[in-house]
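What follows is a single structure, written as structure tokens, with notes after it.
Just so you know, ligand 1 is whichever comes first in the structure, and atom 1 is the first atom listed for that ligand. All residue numbers in this chain count up from 1 along the given sequence.
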Amino acid sequence: MRLAGKTCFVTGGASGLGEAMVRRFVAEGAEVVIADIDRDGGEALAADLGAAARFISLDVREEEQWLAAYAICERVDVLVNNAGITTLGSIEEVTLAELRHEFDIDVIGVFLGCKHVIPKMRQPATAARGGSIINLSSMCGVRAQGNLVAYNAAKAAVGHITKSCALHFAERGYGIRCNSIHPGAIHTPIIDKVLAQSDDPQALLASFVASHPIGRLGTPDEIAAVAVYLASDESGFTTGAEFRIDGGSTL
Ligand SMILES: NC(=O)c1ccc[n+]([C@@H]2O[C@H](COP(=O)([O-])OP(=O)(O)OC[C@H]3O[C@@H](n4cnc5c(N)ncnc54)[C@H](O)[C@@H]3O)[C@@H](O)[C@H]2O)c1
């Protein structure tokens, strides 16, 4: 029960890594808000988990929706900015509209989530509790790949938003920590969507595996385990850190 008494707000919580984190957080004693555009998936997961979980409809691109979602949360101790998409393509292939769409979800969404959670988390407003923000970047935010120009750029931005927030919160004494997780390829629906965009999905999947020195893709639970640590008080001295959970890919 490492998260007993905490309320965790997980964007993109209806699927993939978000769902794995939601399930682990509840198992560790937290109350969880599943915030997603996927109402059917989010409500089904909340129903499966019972009283410890509830669904809130949220499109992370929309500032008014963030304000409305936070307004109905009595407290937020942990924010996981997990909602994201992956746009496949090189600088020659990706259109400006695709780049803007990628940035709207993966960068603007993270920016808005961090910005508006501050009043919910900072110590004077929350009886000296503070909080933890966990942003999902990617190994692509550390090491670029030629066929992922929009995604690389968006995830690099997430890493620096994280560090900028971590410094600001520490300097102001807000008691809010902010860290990023950089997964390697983890088999979730987002990977299936990337494979579906490819002319040769089998070859692309084989190349994903080959790029991981550990010789396999990761599992959602291996990301959720790190998120539990960052959400818990065990990580009290950890802020601005990049957690590369990528089977050695970025070494
Ligand atoms: N799976 C991987 O290999 C991998 C690797 C590195 C980083 N990541 C990152 O981890 C995060 C989760 O990825 P995943 O693999 O679980 O993907 P996923 O596609 O399974 O889940 C993404 C979730 O985000 C939600 N979402 C999409 N757009 C949204 C929006 N505008 N507002 C609110 N919710 C929205 C979707 O409905 C879905 O539930 C993403 O940020 C992704 O970039 C994933």
Checklist entry - What residue and heavy atom of the protein are closest to atom 24 (O) of ligand 1, and at what distance? => result Gly12 CA, 3.4 Å

Item to check | Heavy-atom nearest neighbour in the protein, as seen from atom 8 (N) of ligand 1, with distance rounded to 0.1 Å | outcome: Tyr151 OH, 3.5 Å

Checklist entry - Does a side-chain N-to-carboxylate-O contact under 4.0 Å join Arg61 and Asp59? => result yes

Next on the checklist: Could you tell me, atom by atom, which parts of ligand 1 come under 4.0 Å of a heavy atom of Leu58?
Outcome noted: 32 (N), 33 (C)

Checklist entry - So is Leu17 polar-close to ligand 1, meaning N/O to N/O under 3.5 Å? => result yes

Checklist outcome for this item: The option among Ile34, Ile37, Leu217 carrying the non-hydrogen atom nearest to atom 29 (C) of ligand 1 is Ile37

Item to check | Worked verdict on Leu112 versus Val60 for side-chain contact (heavy atoms from CB on, under 4.5 Å) | outcome: CA-CA 8 Å; Leu112 292 172; Val60 296; over 6 Å; no

Next on the checklist: For Lys155, is there an ion pair with Asp106 - N to carboxylate O distance below 4.0 angstrom?
Outcome noted: yes

Next on the checklist: Within the 3.5 Å criterion, strictly below it, is a donor on Ser180 or Asn135 matched to an acceptor on the partner's side chain?
Outcome noted: no

Item to check | Identity and distance of the protein heavy atom lying nearest atom 18 (P) of ligand 1 | outcome: Ser15 OG, 3.7 Å

Next on the checklist: For atom 41 (O) of ligand 1, tell me which residue out of Val80, Asn82, Asn81 has the closest non-hydrogen atom.
Outcome noted: Asn82

Item to check | Protein heavy-atom partner closest to atom 3 (O) of ligand 1 - residue, atom, separation in Å | outcome: Ile186 N, 2.7 Å

Next on the checklist: Among all protein heavy atoms in this structure, tell me which lies nearest to atom 32 (N) of ligand 1, with the distance rounded to 0.1 Å.
Outcome noted: Val60 N, 3.0 Å

Checklist entry - For ligand 1, which part of Lys193 has a heavy atom less than 4.0 Å away: the side chain, the backbone, both, or neither? => result side chain

Item to check | Salt-bridge criterion met for Glu31 and Lys6 (N-O under 4.0 Å) | outcome: no

Checklist outcome for this item: For Gly240 and Asn179, the nearest pair of non-hydrogen atoms, with its separation, is N-OD1, 3.2 Å

Checklist entry - Of the non-hydrogen atoms in Trp66 and Leu58, which two are nearest, and what is the gap between them? => result N-CD1, 3.6 Å

Checklist entry - Looking only at heavy atoms of Lys155, does any of them come nearer than 4.0 Å to an atom of ligand 1? => result yes

Checklist entry - Looking only at heavy atoms, what is the nearest atom pair of Leu136 and Met21, with distance? => result CD2-CE, 4.0 Å

Item to check | Which of the ligand 1 atoms, numbered from 1, are nearer than 4.0 Å to a heavy atom of Gly16 | outcome: 16 (O), 20 (O)

Checklist entry - Do any nitrogen or oxygen atoms of Asp36 come within less than 3.5 Å of a nitrogen or oxygen of ligand 1? => result yes

Item to check | Atoms in ligand 1 with a heavy atom of Pro189 nearer than 4.0 Å | outcome: 20 (O)

Checklist entry - Does any N/O atom on Asp38 come nearer than 3.5 Å to any N/O atom on ligand 1? => result no

Item to check | Option of least heavy-atom distance to atom 42 (C) of ligand 1 (set: Asp59, Thr11, Ile181, Ile190) | outcome: Ile190

Checklist entry - Heavy-atom distance under 4.5 Å between the side chains of Asn147 and Leu88, does that happen here? => result yes

Next on the checklist: For a quick test of reading the model, state the closest non-hydrogen atom pair linking Val107 to Ala157 and the distance between them.
Outcome noted: CG2-CB, 4.0 Å

Checklist entry - Among protein heavy atoms, which lies nearest atom 14 (P) of ligand 1, and at what distance? => result Thr188 OG1, 3.5 Å

Next on the checklist: Check Arg2 with Asp233, please: is the shortest side-chain N to carboxylate O separation under 4.0 Å?
Outcome noted: no

Next on the checklist: Using a 3.5 Å cut-off on N or O atoms only, is Thr86 in polar contact with ligand 1?
Outcome noted: no

Item to check | Within-cut-off N or O pair, Ile105 and ligand 1, under 3.5 Å | outcome: no

Next on the checklist: Among all protein heavy atoms in this structure, tell me which lies nearest to atom 5 (C) of ligand 1, with the distance rounded to 0.1 Å.
Outcome noted: Gly184 O, 3.1 Å

Item to check | Subset of ligand 1 atoms that lie under 4.0 Å from at least one heavy atom of Ala185 | outcome: 3 (O)

Item to check | Minimum-distance pair of heavy atoms, taken over all atoms of Ser137 and Val158 | outcome: CB-CG1, 4.0 Å

Checklist entry - Would you call the rings of His168 and Tyr174 parallel, tilted or perpendicular, where under 30° means parallel and over 60° means perpendicular? => result perpendicular

Checklist outcome for this item: Out of Gly84, Ser138, Gly109, Ser137, the nearest non-hydrogen contact to atom 9 (C) of ligand 1 is supplied by Ser137

Checklist entry - What do you reckon, does Ala35 have a nitrogen or oxygen under 3.5 Å from a nitrogen or oxygen of ligand 1? => result no

Next on the checklist: Less than 4.0 angstrom from a charged side-chain N to a carboxylate O is my criterion; do Arg244 and Glu242 meet it?
Outcome noted: yes

Checklist entry - Hey, is His187 touching ligand 1 through its side chain, its backbone, both or neither, going by heavy atoms under 4.0 Å? => result neither

